[in-house]
Amino acid sequence: MKILVLGAGAIGGYFGGRLLEKGEDVTFLVREKRQQQLRENGLVIESVHGDMTFTPKTILSGEEAGPFDVILLSTKSYHLHGAIESIRPYVTEQTLVLPLLNGIAHVSQLRDAFGEAKVIGGLCFVETTLNEKGAVIQTSPIHDLVFGEYSGEKTARILKLQDAFEGTKANFRLSNRIEQDMWHKYQFIATLSGVTSLFQSTIGPIRDSEYGMKTIESLLTETGRVMRSVGAPLAGDVEGTQLEKINQMDHQMKSSLQRDMEKGLLTEANHFFGYLLDLAKEKQLSTPVIQTIFANLQIYESQI
């Protein structure tokens, strides 16, 4: 398959690099500065699963290329509009769009842009960052990419994609319940991001505090109530599962949203929490913890 990866950053660079390592036909759609960096240094990945360096194929937005069978999209939510315009020339009748963003709000935007049939479900679990030289640093055992049809069917196109993804040194997994997987991750990442950004702390001290733990539990309850109110296919016991995951996390674990705040960057506040509050308003649900988290992030962003 011909694969286009939007960007060669921490997530796209890592999973695109693993596909390159396997021998798949991968092209990266990048900005001019990143293209020059890749030409000079290569795509460098330093990982607990094995290091690698490649000189990948790259294009700039607007350059002729393709046709592509699938486009991997792992941008931040506040860059989504620009990302859509960047990949639009490369989305043909046969192209699948595989987004790896956290949350749910991006799905409708991608469907509006490209049609419902072209957008499949996806998410990833990986701890990666770019260092000052542009190398992708991947630091944890978990490096999972999950994908699937929203219908849960094993269609010919999704099996073809599974075949392209198999055999890499990362865990690419086909799911027959991708929509549920995405909502579950949304609830988990909103909870982790919400409490760590609110308390400006790693997860350990929050768990160790009586009222910190109560805040975690209340946030899980609120997010679950809002999500179920719009028909999200959450498992009945998911809040307990999520709490168990949070309790098992390393004491020093930070969320990526919290790290963005520490760097003085924009956050995905609207994508994670603004979206939930809009749903809550429609259903007239009380969400005091989500409101507090969102207000905290709005005030922070107004001051950067």
### Query
Run the side chain to side chain donor-acceptor pair (under 3.5 Å) check on Gln36 and Arg39 step by step: do they pass?
CA-CA 5 Å; Gln36 185 62 33; Arg39 285 175 175 171; 4.7 Å; no

Does [X] come within less than 4.0 Å of [Y], counting only side-chain N to carboxylate O?
| X | Y | result |
| --- | --- | --- |
| Lys214 | Glu217 | no |
| Glu149 | Arg157 | yes |
| Lys254 | Glu262 | yes |

Side-chain donor/acceptor of [X] to backbone N/O of [Y], under 3.5 Å:
| X | Y | result |
| --- | --- | --- |
| Asp69 | Lys2 | yes |
| Gln180 | Pro233 | yes |
| Thr95 | Thr92 | yes |
| His184 | Ala235 | yes |

### Task
Hey, could you give me each pair passing side-chain hydrogen bond (donor to acceptor under 3.5 Å, both in side chains) that has a residue in residues 294-304? Not counting sequence neighbours.
Thr267-Glu301

Listed pairs under 3.5 Å, donor-acceptor, residues 78-85 side chains, sequence neighbours left out:
from: Glu85; atom 1: OE1; to: Arg88; atom 2: NE; distance (Å): 3.3
from: Glu85; atom 1: OE2; to: Arg88; atom 2: NH2; distance (Å): 2.9

### Task
Flag the pair Phe294 / Phe273 as yes when their ring centroid distance falls below 6.0 Å, and as no otherwise.
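So the answer is no for these two rings.
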
### Query
Do the side-chain N and O atoms of Gln138 and Glu127 include a donor-acceptor pair separated by under 3.5 angstrom?
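No, because no side-chain N or O of Gln138 sits under 3.5 Å from a partner of the opposite role on Glu127.
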
### Query
Is NZ or CZ of Lys185 both nearer than 6.0 Å to the six-membered ring centre of Phe125 and within 45° of the ring axis?
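Yes; both conditions hold, so Lys185 lies above the ring face of Phe125.
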
#### Entry: Val30 with Ile59, same ILVMFWY side-chain cluster at under 4.5 Å
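No, separate clusters.
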
